[in-house]
Amino acid sequence: MIRKVLVANRGEIAVRIVRSCREMDILTVAVYSDADRKALHVLYADEAFHIGPSPSVDSYLNIDNIMRAARLSGADAIHPGYGFLSENPEFPSRCQKEGIIFIGPPPTAISTMGDKITARRTMINAGVPVVPGAEGKITSEAEAFEVINQIGLPVMIKASAGGGGKGMRLVSKEGEIKSALRSASSEARTAFGDDSVFIEKYIESPHHIEFQILADSHGNVIQLFERECSIQRRHQKIIEETPSPFLSSERRIQMGEAAVAAARAVDYQGAGTVEFIVDKDQNYYFLEMNTRLQVEHPITERVVGVDLVKEQINIANGNALQLKQEDLKQHGHAIECRVYAEDPANNFMPAPGLVTHIDIPYGVGVRVDGSIYEGFEIPLYYDPLIAKLIVWGKDRQDALERSRRALREFKIAGVKNNLLFLERILLSEGFAGGDYTTHYIEENRDFLMQEDRCEDHCEDIVIITAFMEYLQKVKKASPKEMTAIKNNWKDYSRVRSVLKL
Amino acid sequence: MIRKVLVANRGEIAVRIVRSCREMDILTVAVYSDADRKALHVLYADEAFHIGPSPSVDSYLNIDNIMRAARLSGADAIHPGYGFLSENPEFPSRCQKEGIIFIGPPPTAISTMGDKITARRTMINAGVPVVPGAEGKITSEAEAFEVINQIGLPVMIKASAGGGGKGMRLVSKEGEIKSALRSASSEARTAFGDDSVFIEKYIESPHHIEFQILADSHGNVIQLFERECSIQRRHQKIIEETPSPFLSSERRIQMGEAAVAAARAVDYQGAGTVEFIVDKDQNYYFLEMNTRLQVEHPITERVVGVDLVKEQINIANGNALQLKQEDLKQHGHAIECRVYAEDPANNFMPAPGLVTHIDIPYGVGVRVDGSIYEGFEIPLYYDPLIAKLIVWGKDRQDALERSRRALREFKIAGVKNNLLFLERILLSEGFAGGDYTTHYIEENRDFLMQEDRCEDHCEDIVIITAFMEYLQKVKKASPKEMTAIKNNWKDYSRVRSVLKL
Amino acid sequence: MSYEVKLNDRLARVEVLNQDGDKLLVSVDGIEYDLDFVKIGKGSYSVLHKNRSYNVELIPRNGVKKYQVHTLKNSFEVEIIDSEAKYLASRKKEHEADDEAIICSPIPGKVVSLLVSEGEVVEAGQSLVIISAMKMESEFKAPKKGKVISVKVTEGQTVESRQELVLLEYS
Amino acid sequence: MSYEVKLNDRLARVEVLNQDGDKLLVSVDGIEYDLDFVKIGKGSYSVLHKNRSYNVELIPRNGVKKYQVHTLKNSFEVEIIDSEAKYLASRKKEHEADDEAIICSPIPGKVVSLLVSEGEVVEAGQSLVIISAMKMESEFKAPKKGKVISVKVTEGQTVESRQELVLLEYS
């Protein structure tokens, strides 16, 4: 029986894990870097251990330091959260060696799923569909034509050593094949010193849809339905919902079964997520398996009625799953909005800084998971995710209307954030209609970047209010403060044309 | 179609109603008394109208002023909330006359249920069990014996004109009947100038269990299961839960049917609650019907998956209920804790005042409905309810553990409140075991009034922290502040023995 | 220099032994505490003691010497006893045997009934004033037999918390 | 006396005509507003205008003249233009044609690469500095052709928002 859990993470997920532990009467140990001494997970956990300097590689990614904190604190289990060490098979191996329970899958499941080629082969063997394509490198034009004949156009030619979009060519017509092969090869040679390429089916109008899995150590595997994750910016999800407005009931059942098969194929244990890419005709292909809790797990918690962290801990304790597949149902609809400290107008550039003010939404159907507070300085070293708004409604329309209401009540000042941008997405026609793919944000940039106009006289009211506050402050200012203002003024007289880029 | 709703209420329920209206894209109008200019419902609604001086009778109970605000604002509907005018049949009558939709039942349903004797007769005719007893006054000893023979001991002899416990006698043995009759009569004569008494079955170990009803204007009536409301102080509920840990499934079905019959008997429309008193053998008796939304409605919303305010508005719009009885199910378990500005140690005396600090709990399974903010002065004119914590768990144990976690995170400073008292109840054996009646708080006073001891060195840490803050403030204090402190001191030198009672 | 600090009913002696950045060495009633002591906001501190994490929130009450203090699991009343407070405490003690008493309202509210008038002799337990707040009425009674010296409020008046209602002279 | 107030890109003229308790009469660009104007907390106001309710939150940015303002539905940047601000604006205008420019980091972050050195001539669009923050790297480029007068940071250094990175002289 787990009695004390070290949470090897930070931010909202660390706080969220501590909450469920506390509800189970399990003690919690936070770890923190230099930058995180005042972070919420440190304040909220029962104990806190310093594990190194601010850069992740010296602290949250430093297995030795974390194991040391685990030993010193007497923790009998470690929860890795998501990101950081959560998908590093070395971490559970070390835990095993040191006799500490790792709240997650066995190292072999992590490493099998972590290697793209092994994972692909394992899925093919398990009968789980993968994106059609050649297994290995293309060695001749003839081979390329053969492969393309097999999988059909359009295809993507990709540099084997590739990344960052270099050495990549989309081919839609047969006449383009030769030139695309040549140019991809040559670009690959220039960029990576390796001209080998491979060919994959190009998925048009793709959806990212993932299935939540729970598997215990007694061979029980269940799936807790899907999450639609196609609203993305910079290839990162920012809004997720369940059920997917796109998926048919039949396809949902098939994909759920495929997800269970995927988990079984690697003897999975714990909570995991099988990600699929789904084309406009609802053909689905295994993309990858995330062998950990997902950021967006709360929407599944809400519609299925589970606490996934508690399930993880129960599984780690060796208990059999109490949930039975046949009893599971999706009740209503849930939407998660990820709140980032970033500037949507400036290519979503991250914006760390001091949080000076927060208003958090409450009331029926609203859950907030976060990690910031007024006066907290968001560090520049880590992910800009600062809060998640999870909203439930009896159906999609209801969840959507409630999400809009809650987003309006949500205010964060001091750091740039994407709250207004999220609201614009929820107001957009395509999202409201449930009709969107992973290209949605780039295709609707103009609408999404517009600012809401203010109704009635609200601009004037705002002007008046700010002015009255100013008058009051000026009246109250002490001579000392007035001097400060004056000095400030002097500084300014050395003003130059200062550019912000 | 309702497009603008005037909310004829204040506090958390007014805010809660505005939230659902906003989600439905309905404009909202707040009304406020002198004391409530800065109340949250005024800040949060789209419009706000002043309706009179602070005492309720001059504002929130003043139909003329409220109707005037409705006319001026152009509201096409009025939501009465709970309390105040919500069960005054004159209010919907006036709305009818002025062509404004009343979001609630028709006046006749309110007045029938509002009169105890008419309600009792109507229920008997509808086949709904009522507390056994004589229909009218007892005129002789012989009649008393006859009645008691019929309904069986124990019985309660009550003064017809009674109230406040005077002229009331509990009779458990046959030998006590005569003397009890005499003493009750004589006490009644002294207290009320009327010696007539009546006799009712005494319900031992009573539970207050109520059923939520929804009825539309098309003859559809459904029940949304029960709420167990037996945790009471000063005859007021403070913790409610659903499902009731006490009720069997069979009895739940029977009582649900009785509740539907009760609603049908008065041609009910809208949301309503049928209250039953239930004895230790699960015999149930109609107590009264609350012809409005209840304070504790959110726990039903959570386990059944509805928004009752939205249902009310849909019904008022003349729509047929979309919910079907056969589809309704209780999912998991929900507990509501009512947070009051009151002093549990001092007989729950209300404690209005300035709220200087709030920490609100978040995360999985937690909903908070409230009406206070930092800097808000809780007025002394109205009910001391300031917030409701609604917690969901997959089963009772889970909901209980989560409620304890959330209550610990909940902090209110500046006004006395019952947060610690609520936590003590949740920690108590009887509540944890689901084994409690309406007498629970008085029977467990000693345990409930204890303070939690602090673990480890936490007292010393608190002492150190307060001391360091003091040192820092003293160092920083300006000469002006020091003078203020000194003057304060002088005032104190006129100190006398000041008693707090 | 050491100070006395009162926590609920406990009186503790506190002394800062050393402070170096976030590192704080303090003694409380002779026990030494080696702390990582960080202010995280107005009146809000994070204290680590042997890796145990305490999140302490201080809400000032009347100036700088009295605080309501919250940790995650508990709440306390804390008062710093400096020379001024000591003086006041001694003054109060001096007067404790007084045969006068001021009846104060523990809550804000409205005076709905004044049941006595100046000069009247009252018995122990006799009701003096009824205050109404938030739909509840509370009676305030004479703790001992005595005479009403003065009545400080009128019917219908709104009173603050701790406002004086009636002055009694015990007999 | 009237002031100018800037809201996003709009410049408005504001004058308080009368104030009596919570009643406030103000004109904005000639439109008169008769308001019920109440402060409900630090930087937080409730304003009723013809019974329309506005909850306005002001978060100060650098002193008393710039605010981030939230209403329920919108957010704004507001600046009070007093004589000082006017002076600064005129100074700024004077310098607008300047052939010098300071490249500042719009975000706090860490300098991962310095791509130019003092004296170097750079083309328009040439990358000068790469800043990393929150797992994302951003390149900062020269807006025009010019010469690097000075480099104000070193590789590995942490920079604040608006900190100067590179000083250019346009050619």
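Naming: A, B, ... by sequence-line order, numbering from 1 per chain.
With respect to chain B, the highest number of heavy-atom pairs below 4.5 Å among C/Val78, C/Leu7, C/Thr158 belongs to C/Leu7. Of all the listed residues (C/Asn74, C/Val5, C/Asp29, C/Val26), the one sharing the greatest number of non-hydrogen pairs under 4.5 Å with chain B is C/Asn74. Contacts with chain B were tallied for C/Lys110, C/Gln68, C/Lys73; C/Lys73 has the most, counting heavy-atom pairs under 4.5 Å.
Scanning residues 371-380 of chain B against chain C with a 4.5 Å non-hydrogen threshold yields B/Ile378, B/Pro379, B/Leu380, sorted by number. Using a 4.5 Å heavy-atom cut-off against chain B, the contacting residues of residues 37-47 of chain C are C/Phe37, C/Lys39, C/Gly43, C/Tyr45, C/Val47. Residues of residues 402-411 of chain B placed with any heavy atom under 4.5 Å of a heavy atom in chain C are listed by number as B/Arg408, B/Glu409, B/Lys411.
Atom OH in C/Tyr3 sits 16.0 Å away from atom CD1 in B/Ile463 (nearest 0.5 Å). Here the NE2 atom belonging to B/His457 is positioned 10.0 Å from the CZ atom belonging to C/Arg52, to the nearest 0.5 angstrom.
Contact of C/Glu160 with chain B is not made at all, since no heavy-atom distance falls under 4.5 Å. Using a 4.5 Å cut-off between heavy atoms, B/Leu385 makes no contact with chain C at all. Looking at B/Asp359, only its side chain comes within 4.5 Å of chain C, counting heavy atoms on both sides. Contact of C/Leu72 with chain B is made through backbone and side chain together, with heavy-atom distances under 4.5 Å. Interface residue C/Arg10: only side-chain heavy atoms are found under 4.5 Å from chain B.
In this structure the side chain of B/Ile461 reaches within 4.5 angstrom of the side chain of C/Leu35, judged on heavy atoms. Contact check for B/Leu471 versus C/Val16: side-chain heavy atoms found under the 4.5 Å cut-off. No side-chain heavy atom of B/Phe467 sits less than 4.5 Å from a side-chain heavy atom of C/Val28. Within the 4.5 Å cutoff, the side chain of C/Met134 has no heavy atoms near those of the B/Tyr381 side chain. Considering only heavy atoms from C-beta on, B/Tyr470 stays 4.5 Å or farther from C/Pro60 through its side chain. Residues C/Val69 and B/Glu459 form no side-chain contact, since every pair of their non-hydrogen atoms from C-beta on lies 4.5 Å or further apart. You'll find the side chain of B/Val462 stays beyond 4.5 Å of the side chain of C/Tyr54, heavy atoms only. The shortest distance between side-chain heavy atoms of B/Asp460 and C/Val14 does not fall below 4.5 Å.
Pairing each heavy atom of C/Leu58 with each of B/Thr465, the nearest pair is CD1-O, 3.8 Å. Across B/Pro350 and C/Ala133, no two heavy atoms sit closer than the pair CG-O, 3.4 Å. The two residues C/Ile59 and B/Ala413 have their closest heavy-atom pair at CD1-CB, 3.7 Å.
Every side chain to side chain contact (heavy atoms under 4.5 Å, CB included) that C/Glu32 has, sequence neighbours left out, goes to C/Leu17, C/Leu25, C/Ser27.
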